[in-house]
Amino acid sequence: MALKIASRFRRLLQRPGSIDLGPYERLTQLVGEAEDSVVDLTDEELTEAVAELRTTGGLHEDEQIEFLALARDAGKRAIGERAFDGQVVGALAMLQGRVVEMATGEGKTLAGAIAAAGYAVGGRKVHVLAVNDYLAKRDAEWMGPVYELLGVTVSHVGQASTPEERREAYQAEVCYVPVSEIGFDVLRDRLVTDVADRVTVEADVALVDEADSVLIDEARVPMVLAGATRNEALDDDVVQLVRTLRAGVDYEIDGDGRTVALTDRGTDKVEQALGERAAEADAEAAEAADDLTDADENNAEETDEADADEADEAVSDDEAVEEVERARFNLYDDENLDRLTQVNVALHAEVLLRKDVDYLVRDGKVSLINNNRGRIAKLQRWPDGLQAAVEAKEAVPVSDSGEILDSITVQALIKRYKSLCGMTGTAVVVGESLQEFYDVEVAVVPPNKPNVRKDDQDRLYLTVDQKNAALVKHIGEVHETGRPILIGTHSVEESEQLSDKLEAAEIDHVVLNAKNDAEEAAIIAEAGVPGTVTVSTQMAGRGTDIRLGGKDETHDKDKALELGGLYVVGTGLHASRRLDDQLRGRAGRQGDPGGSLFFASLADELVTRYSVSSGLRPHPDGTGRLTDRKSIGMLEHAQRVADGANAELHRTTWQYNRLTGQQRAILLETREKVLTEDLAADELAERAKERYDELVDEVGEDVVKAAARRIALRHLDRRWTDHLAYLADLREGIHLRSLAGGIVHLKPIDEFNKSAIASFDTLIEDSWKDAAETFADAEITADGLDEESSGIPRPTATWTYLVNDNPFGTEADRILGRLRNAIKPESASESEEILAEEFDEDDLPEELRDADDDEDDLPEELRDADDEDEDRKK
């Protein structure tokens, strides 16, 4: 009842929340009544009854009721699970294009399968988009018997699937596939030169599992198809030089920790070092030239001493010139652009990217860590030479690089589908974003049994050390009772540090992080066994049910219930409250008891990055714990600001990618006509008629048409690749145009769009001109086009990966960071007054003391606010 009232109140305020579930609940009652006529059917009769409902226009309301009654009974027969009313409501909502929020353990997988089968019976093809291979394979096989009984074909795709296996899998009515795999297949299909090489089918219905993670957290991550071109090995001299630079002297890090830049002193130091090394290299080259000259002179039959003296004098002059050039070495000269880029990426890699936090080194390779899940980000790499810089930093072999042939963001990929729905445990929090970016609404399905989990108030401490001491002590106290504990950490580094502390406290535990993610499902499934302490990075095992008593509920389940169920402990608040809720949601499934408690400190990265300590006068108790409203309000404020910053970054990224997507659609329309029609032959026959007629007479029209098609496709793809490279460079420096506008403020996104449009305007026409030039001299025989001899070879190899887009933030993100504290948390204004003489600044964590050392670094609004506070106190 409370959920319904809250939902109606949110709708009254036009705030995203749950849609009205009343119509779905009424239909669910009718489904229950219709079920009586289904139970007596044989399996064959049930399958036949579903077949009679098949249509090509989607199921109408009466047909949905009958289908859901059949599907509910099919679940009971095939896998022993009869869908609860809540699962039926969820399936109905998904069939009408909603994102369904269902608590952990409420049966989202079965509800999703029923919805997917409903779409299939209605004549639609469905892609159930999973977050990884394991879940795609598991759910397809788990729900397979249900689909079979309903007469619906099902398949799955994984990283190891061959092109033929993928082509066959996509033909099924329902295909479970990781979102990255369908994205990569789409990219590969866009570059085929023969229709028969395609593997995907037309995008129809997307049913997204873990919808908030896929649609929001990963929406801006580009999936990339690259072609082999070069190796980006970083100069070891640059790597070693960067390691000698000192923080605060040679370089400075911005307040958000997202960017690092050389100071004037640092620039001088780098220029001097690189200038000296350049001069040394030139001197070695000159010495080698002298040796060669001496050898020639000794072997010569006649030596002209005057010429030799003149040559020595010339060498001496060259050395003098080199000395002057060395003194004038300018890192920012155009000819030194490559050196400047290497210095910048090496500095970013050395200073801002942390081992076991941002990446792992495993099996001689650098592997990125997914910040949202704490898992290895398979096939993911950093852009613009940063990957090579990190590899040089860690002294591992530099991985292959190449030029981007095409790319697509998760959001653009999802936008291709005609219908979208999904399911997750936390959707309301991102309801506004789902409406803004996808135009879908959220339906919150009440749990089958009331949630009795007890969520304790967050515990806030002054320093990290005090927080960790209290954390380990509390874990030890709970562990002594035998209650199962799941601890959520933010990074591999933090999980291993906590593990060391637990070992020192003699607390037996298991650690699950990106270093052993292959064991993820098995470890997390046993986290509900009494006496178990599981240390997990981020949302480990999301999608794997944690049952009290273990996977099969046979290990002292009754004892686990008596002890209060699974106890979730967070070592710090996440940048998004939704991620905290996801971790809490691991406990209290299906009406089980459970509990959660989060620890935090004022020195946590969330606070130091997204809030300020101005005006804060903390009064910790003997353990360092803070309970005053102002300190707690500061923590909550930091999380709200972080959430807003991430939403703004998503919005900004989408703005920059939207025009690119529209241009890609125009290009693909032309490419499709070239691929499937005779557009290339018609164009080239018109532009090079004599050559075309000559070749037709020599090798036949079919051969010429095929050659024309391959030539045109190659130049369209080449021009698009160059355009993407131009846009990448353009975006990197577009914010500088706002500084060049004088009194007229130039919006970076407007300037980007203006330049991008100008660059694309002639792209297709230029492609045809290039194709005509190639066609005029192409090597075309009866065997077809020789691409290599004709000067249009395709990449020798292609591969796919995900780019960690904007690892240091866009300019808009950095500006937002500088202004993030303009509004003080409401709770701060309500806090109790504390006399200045009662406060010792040394009580503050060092990170916050540093933040207040220079009041001029604060936004003007905060400085003014502080002055007003002081005036009021006086």
Side-chain angles (χ1 to χ4, degrees), residues 221 224 226 230-254 256-263 265-267 269-274 276-278 331 336-371 374-402 490-497 513-515 537 605 609 728 732 799 801-809:
V221 177
V224 172
R230 65 191 184 281
N231 187 287
E232 292 183 344
L234 200 66
D235 190 332
D236 188 59
D237 286 346
V238 173
V239 176
Q240 297 303 324
L241 173 58
V242 164
R243 288 177 177 171
T244 67
L245 302 179
R246 293 174 296 169
V249 177
D250 301 318
Y251 63 84
E252 293 180 345
I253 305 172
D254 78 336
D256 288 343
R258 286 181 177 271
T259 59
V260 59
L262 292 172
T263 62
R265 182 170 177 175
T267 299
K269 183 174 181 179
V270 170
E271 288 180 338
Q272 180 180 354
L274 293 180
E276 290 174 353
R277 289 171 187 175
L331 190 58
N336 295 325
L337 179 60
D338 289 342
R339 280 288 191 177
L340 175 61
T341 299
Q342 287 194 344
V343 169
N344 282 334
V345 296
L347 191 59
H348 279 301
E350 182 69 26
V351 176
L352 298 181
L353 297 180
R354 295 169 293 170
K355 184 178 178 181
D356 290 343
V357 176
D358 301 299
Y359 64 91
L360 288 176
V361 177
R362 187 168 65 175
D363 300 327
K365 296 180 180 179
V366 170
S367 298
L368 275 67
I369 297 176
N370 185 308
N371 291 330
R375 311 270 68 76
I376 285 289
K378 296 179 181 178
L379 298 179
Q380 188 165 335
R381 60 182 286 129
W382 285 295
D384 302 328
L386 186 58
Q387 182 78 21
V390 177
E391 289 165 340
K393 170 186 175 182
E394 297 297 339
V396 301
V398 176
S399 56
D400 288 335
S401 183
H490 287 191
S491 67
V492 175
E493 181 183 51
E494 187 180 12
S495 69
E496 294 184 340
Q497 290 174 351
N513 58 35
K515 290 186 176 180
T537 304
E605 185 178 9
R609 173 174 289 191
E732 182 66 24
W799 66 92
Y801 59 88
L802 290 92
V803 175
N804 187 343
D805 195 30
N806 297 313
F808 311 113

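Every residue was checked against the side chain to side chain donor-acceptor pair (under 3.5 Å) condition with E493, not counting sequence neighbours, and none meets it. Residues forming a side chain to side chain contact (heavy atoms under 4.5 Å, CB included) with L262 (at least two apart in sequence, or on another chain): L245, T267, V270, L331, V343, L347. Shown here are the side chain to side chain contact (heavy atoms under 4.5 Å, CB included) partners of R354, two or more places apart in sequence or in another chain: V357, D358, E605. Every residue meeting the side chain to side chain donor-acceptor pair (under 3.5 Å) condition with E394, not counting sequence neighbours, appears here in chain and number order: Y359. Annotation: side chain to side chain donor-acceptor pair (under 3.5 Å) contacts of K269 (sequence neighbours excluded): none. For E350, the salt bridge (Lys or Arg N to Asp or Glu O under 4.0 Å) criterion is met by R243, not counting sequence neighbours. V249 is linked by a side chain to side chain contact (heavy atoms under 4.5 Å, CB included) to R246, R265, counting only residues two or more places apart in sequence or in another chain.
Within the 3.5 Å criterion, the main-chain N or O of G248 finds no donor-acceptor partner in the side chain of E252. A distance-only check finds a donor-acceptor pair linking the side chain of T263 to the backbone of D250 [under 3.5 Å]. At least one donor-acceptor pair closer than 3.5 Å links the side chain of K393 to the backbone N or O of L353.
Note that CG of L241 is 11.0 Å distant from CD of Q342, once rounded to the nearest 0.5 Å.
For the pair L360/K355, no side-chain contact is recorded, criterion being any heavy-atom separation below 4.5 Å from C-beta on. Using a 4.5 Å heavy-atom threshold, the side chains of H348 and V260 count as touching.
Of all heavy-atom pairs between P397 and G364, the closest is CD-O, 3.7 Å. Nearest heavy-atom pair across V239 and A392 is CG2-CB, 3.7 Å.
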